[in-house]
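Reviewing the structure listed below.
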Amino acid sequence: KRNVLIIGAGGVAHVAAHKCAQNNILLGDIHIASRTVAKCKAIIASIKDKGNKHGPGRLQAHELDALDIEATKTLIRETDSQIVINVGSPFLNMSVMTACIETGAAYLDTAIHEDPDKVCEQPPWYGNHEWKRRDDCKKAGVTALLGVGFDPGVVNAYGRFALDAYFDQVDSIDIIDINAGSHGRYFATNFDPEINFREFTSTVWSWEHNRWKASKMFEHRQQWEMPVVGNHTTYLTGHDELHSMSKNLGVPNIRFWMGFGDHYINVFNVLNSLGLLSEKPVRTAEGDEIVPLKVVKAVLPDPASLAPGYTGKTCIGDLVKGMKNGVPQEVLIYNICDHEESYEEVGSQAISYTAGVPVVAAAMLIADGTWDVGHMVNVEELDPAPFIELMNRMGLVTRVRDSKGDRVLKPQNELL
Ligand code: NDP
C-alpha cells in the first residue's frame, strides 16, 4: 500500500480524493492539503457522505502553502506519503516537484507549470521548467509523471495507443474537446477563471508539418461530427499536450480543437476587449490598485458551484489519420462523460471528473509498479494499455470508432 498526499482542494482534487478512497485497497492513507484547510475537510466530509467504502486507511486534512518547499517536504515525511498528486494551481508544480525529488516521493500533476507574472507559458513550454529537472528525478530515482489529467493526459495515451495499434504511419492527430453540457448560468468557466482565460488570451500554437505555427484565438474554426454529442463547432486552441506529443510521437501534425458556443465567445471578446481579462494591475480614481482579471474571477460563479444541476455530456478524443498496410485509416478514440452521473457518483461536474479519474488511475499504476519508472515522463512515453484498461473499470470508459464500427476499447483485444 502506498500513502497518497493530494495537494489542492479544488474541483479536480475533490474527484481525486473520492477515487483514492474508492481504491483504498491499493492506495493507503489519503492526505489532502491546501492553504484553506476547511476545503480539505469539506472533501473528506463529502467522501463520508457518499458512503464510499474506504478501507482501513486514514483520511486527513492539512493546511499547507505548497510554495513552501520545506513545509511540503515535512508534510510528505510526516504522513509517510510515497505518492504526491499535485492538483493545486499550476503555479505550484515546481515547488511540489522539488519537495518530491528531495523526499523520494513519486510526483504527478495535470497541467504545465505557469509563472503567475507571465500571460501564459511560452515556447519551449515543458522545457522552461519541468524538463529542466529530468536529471534530478533520474538521480533520485523519482517517478515524475507530467500532465496526467484528461487533456493533457488521457489524450496523450490515446495518441500513443493509436500509433501502437492501428497505424504504420500517422499523419495527423486532432484532439477534439467538446463540452455539450449546460450549467444554466449566464456565463461561467468550468475551472479557475484565471487559468481558463490565460489559455485563450495568448498566442495559439499548433504543430503543423513538423513545426510550430502561431495563430490568434478564434482565428481557425472547424466543425466535427462527434459520437453522442453530435455536430459541434470548435476553434484551434493552444494546449499543453501538443508540446510533449510533438516531441515524443514523431507525428507531423498535432492540433487541439476546443468547442465554444457563440455566447461564450461574445462575452469573452467583450471582457477581453475592455481589458478585463488582464492580469496587469490598474489604478482606480480613488488610488486603489486592482487586477482586472481578479475582479472578473471574484464576480463569476465558483466553478465548483456549477456541479449541482449541470446537465449534458462531454466528448473528448483523438481523431487520428494515417496509413496501415498501405491503406489510409481514420480512427477516433474518445470518451463520453455525463455531468449528472459524475455529480451522482462523487458530487462533481464532468470536467473535474475527467481530470481527476486519470490522475488516480496513474497513481494506482505507480503504486502497483506498472508505471513506477523512476524518472520523469510525459504520459505518451508509457504503455497506454494498462491505463486505458484501468480507467474502463473506474468510470471513464474509452471507446473507438473506425471502419469496423464503434465499440468500447479493450486494449488487449485490439492489440491481438
Ligand atoms: P481549483 O482552482 O478548483 O483548485 C486549485 C486548488 O489549489 C485550490 O483548492 C487552492 O486552494 C489550491 N492552492 C492554490 N494555491 C495553493 C498553495 N500555494 N498551496 C496549497 N494549495 C494551493 O482548480 P481545479 O481543481 O479546477 O484544477 C486543479 C489543476 O488541474 C489545475 O492545475 C488545472 O489547470 C488542472 N486541470 C487539468 C485538467 C486536465 O484535463 N488535464 C482539467 C481541469 C483542470 P487554496 O486557495 O485554499 O489554497
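Ligands are counted one by one from 1 in listed order, and the atoms in each one are counted from 1 as well.
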Nearest to atom 47 (O) of ligand 1, what protein heavy atom do you find, and at what distance? Thr36 OG1, 2.4 Å
Is the closest heavy atom of Pro152 to ligand 1 under 4.0 Å? yes
Taking the inter-plane angle between the rings of His339 and Tyr310 on a 0 to 90° scale, is it parallel (under 30°), tilted (30 to 60°) or perpendicular (over 60°)? parallel
Do Val400 and Tyr166 have side chains that get closer than 4.5 Å, going by heavy atoms? yes
Would you mind listing which atoms of ligand 1 come within a distance below 4.0 Å of any non-hydrogen atom of Asp192? 2 (O)
Could you list which atoms of ligand 1 come closer than 4.0 Å to a heavy atom of Asp65? 17 (C), 18 (N), 19 (N)
Quick one: nearest non-hydrogen protein atom to atom 25 (O) of ligand 1, plus distance? Val12 N, 2.9 Å
How does Leu64 reach ligand 1, if at all, at less than 4.0 Å between non-hydrogen atoms: by side chain, backbone, both, or neither? backbone
Is Gly8 in polar range of ligand 1, meaning some N or O pair under 3.5 Å apart? no
Val87 heavy atoms within 4.0 Å reach ligand 1 at atoms 28 (C), 29 (C)
Atoms of ligand 1 under 4.0 Å from any heavy atom of Ala9, numbered from 1 in the order shown, are 6 (C), 8 (C), 9 (O)
Do protein heavy atoms approach atom 23 (O) of ligand 1 to less than 4.0 Å? no
Quick check on contacts: which atoms of ligand 1 are under 4.0 angstrom from a heavy atom of Phe150? 39 (C), 40 (O), 41 (N)
In Å and rounded to the nearest 0.5 Å, what is the NE2 to OG distance from His113 to Ser89? 9.0 Å
Which residue holds the protein heavy atom closest to atom 16 (C) of ligand 1, what is that atom called, and what is the gap in Å? Arg35 NE, 3.5 Å
Taking Arg399 first and then Asp406, would you say they form a salt bridge - that is, a charged N and a carboxylate O separated by under 4.0 Å? yes
Candidate pair Phe260 and Phe200, rule ring pair (Phe, Tyr, Trp, His ring centres under 6.0 Å), full reasoning: CA-CA 11 Å; Phe260 293 95; Phe200 313 137; 5.0 Å; yes
Inspect the contact between Arg133 and Asp136 and indicate whether a charged nitrogen and a carboxylate oxygen are less than 4.0 angstrom apart. yes
Report yes if some N/O of Gly88 lies less than 3.5 Å from some N/O of ligand 1; otherwise report no. yes
When you check the side-chain N and O atoms of Glu345 and Gln22, is any donor under 3.5 Å from an acceptor? yes
From the candidates Leu67, Thr110, Ile351, the one that places a heavy atom nearest atom 37 (C) of ligand 1: Thr110
Please state which part of His14 comes within less than 4.0 Å of ligand 1, counting heavy atoms only: side chain, backbone, both or neither. neither
Got the closest protein heavy atom to atom 1 (P) of ligand 1, with its distance? Gly10 CA, 4.0 Å
For Glu225, give me all partners under side chain to side chain contact (heavy atoms under 4.5 Å, CB included), at least two apart in sequence or on another chain. Asn231
Quick test: of every protein heavy atom, which one is nearest to atom 26 (O) of ligand 1, and how far off is it to 0.1 Å? Phe191 CB, 3.4 Å
For atom 19 (N) of ligand 1, the protein heavy atom that lies nearest, with its residue and separation: Ala66 N, 2.9 Å
The reported gap from CG in Leu319 to CG in Asp174 (rounded to nearest 0.5 angstrom) is 6.0 Å
Identify, with sequence neighbours excluded, every residue that meets salt bridge (charged side-chain N to carboxylate O under 4.0 Å, His left out) alongside Arg407. Asp402, Glu414
How are the rings of Tyr126 and Trp131 set relative to one another: parallel (under 30°), tilted (30 to 60°) or perpendicular (over 60°)? parallel
Just to confirm my output: which protein heavy-atom neighbour is closest to atom 42 (C) of ligand 1, and how far is it? Ala355 CB, 3.5 Å
Ionic contact status for Asp164 with Arg160, cut-off 4.0 Å: yes
Which class fits the ring pair His243 and Trp125: parallel under 30°, tilted 30 to 60°, perpendicular over 60°? parallel
Quick one: which ligand 1 atoms are inside 4.0 Å of a heavy atom on Ser34? 11 (O), 20 (C), 21 (N), 45 (P), 47 (O), 48 (O)
Enumerated ligand 1 atoms positioned under 4.0 Å from heavy atoms of Lys39: 11 (O), 45 (P), 46 (O), 47 (O)
Look at Glu194 together with Lys294 and state whether they make a salt bridge at an N to O cut-off of under 4.0 Å. yes
Ligand 1 to Gly11, heavy atom cutoff 4.0 Å, flagged ligand atoms 3 (O), 25 (O)
Could you tell me whether Ala111 approaches ligand 1 through its side chain, its backbone, both or neither, with non-hydrogen atoms closer than 4.0 Å? side chain
